[in-house]
Amino acid sequence: MPMVPPSAEMPTTAPPSSDDQWMSLALEEAHCALEHQDVPIGCVVVSAQGELLAQAHNRREVDRDPTAHAEILALRRAAGRVGRWRLDGASVYVTLEPCAMCAGALVNARIARLVYGATDPKAGAVDSLFNLGTDARLNHRFEVMGGLHAGACAGELQRFFGARR
């Protein structure tokens with residue numbers, strides 16, 4: 001498994017404090033994926049106290065790793081920063097509705113809340129195809145809020161895939 005490089009985009013000013021600002025940071029992170037021709041998806045993990053724990057973007061192409069989704073990388077970095085795998089009370093902001101792998105990782109990380117931008121009707125696993133974040137059969141559930149900055153998040157993806165066609 002490749003090492004997860006630290007994000008070079010950690011803010012140097014006071015961190016954002018609202019959902020809008022955190023999602024804007026996730027969008028900035030998504031844009032970084034374009035540097036290596038990866039799908040522009042960004043993710044930010046915020047502690048229960050409102051502290052930025054980690055941020056990441058998709059790195060599947062550059063790392064040649066099918067698990068190098070923004071959410072997985074951000075969760076690994078956040079867990080490394082706090083020194084444990086449980087991210088109790090954390091909120092995750094991601095520009096696209098998580099897939100089944102990432103939604104499962106969010107359950108296992110014990111996050112409190114997920115905020116995502118664009119829905120993913122083909123692979124979304126928290127609202128579109130499945131409801132993994134709120135499924136009572138699982139050992140942990142988290143709050144799900146979708147559609148924040150949906151137009152901007154979807155637009156970034158549409159531009160990326162439009163240029164590839």
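Remember, predicted model here, so these are calculated numbers, not experimental data. In what follows, every heavy atom counts, from backbone to side chain, and hydrogens, waters and symmetry copies are set aside. This chain uses plain numbering: 1 for the first residue, then up along the sequence.
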Enter the distance from [X]:[atom1] to [Y]:[atom2] here, rounded to the nearest 0.5 Å.
X    : Y    : atom1 : atom2 : result
E71  : R76  : CD    : CZ    : 12.0 Å
L52  : Y93  : CG    : OH    : 11.0 Å
I111 : S91  : CD1   : OG    : 7.0 Å
C102 : D120 : SG    : CG    : 10.5 Å
W85  : L75  : CH2   : CG    : 12.0 Å
I41  : L73  : CD1   : CG    : 11.5 Å

Tell me, please, which residues at least two apart from [X] pass side-chain contact (heavy atoms from CB on, under 4.5 Å).
X    : result
S24  : H149
N108 : R110
L129 : none
H36  : A33, D38, H57, R59, V62

Looking at side-chain heavy atoms only, is the closest gap between [X] and [Y] below 4.5 Å?
X    : Y    : value
M23  : C153 : yes
P40  : T95  : no
F130 : D135 : no
L148 : W22  : no

Any donor-acceptor N/O pair, [X] side chain to [Y] backbone, under 3.5 Å:
X    : Y    : value
R64  : E61  : no
N58  : R60  : no
E97  : V126 : yes
T119 : P121 : no

Kindly determine whether E156 and R159 satisfy salt bridge (charged side-chain N to carboxylate O under 4.0 Å, His left out), including the steps that lead there. CA-CA 5 Å; E156 188 82 21; R159 282 188 295 280; 3.3 Å; yes

Go through the structure and list residues passing salt bridge (charged side-chain N to carboxylate O under 4.0 Å, His left out) with R164, not counting sequence neighbours.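 With neighbours one apart ignored, the set is empty.
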
Taking salt bridge (charged side-chain N to carboxylate O under 4.0 Å, His left out) as the test, write out the residues that go with R84, two or more places apart.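 R84: no salt bridge (charged side-chain N to carboxylate O under 4.0 Å, His left out) contacts found.
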
Passing candidate, side chain to side chain donor-acceptor pair (under 3.5 Å) with Q55, options E29, R77, E28: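 By the side chain to side chain donor-acceptor pair (under 3.5 Å) criterion, Q55 pairs with just one of E29, R77, E28: E29.
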
Does a donor on one side chain and an acceptor on the other come within less than 3.5 Å for D65 and T67?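 The criterion, which ignores hydrogens and geometry beyond distance, is satisfied for T67 and D65.
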
Near F160 CZ, under 6.0 Å, is it more than 12 heavy atoms from other residues, nucleotides or ligands?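 Enclosed: over 12 neighbouring heavy atoms sit under 6.0 Å from CZ of F160.
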
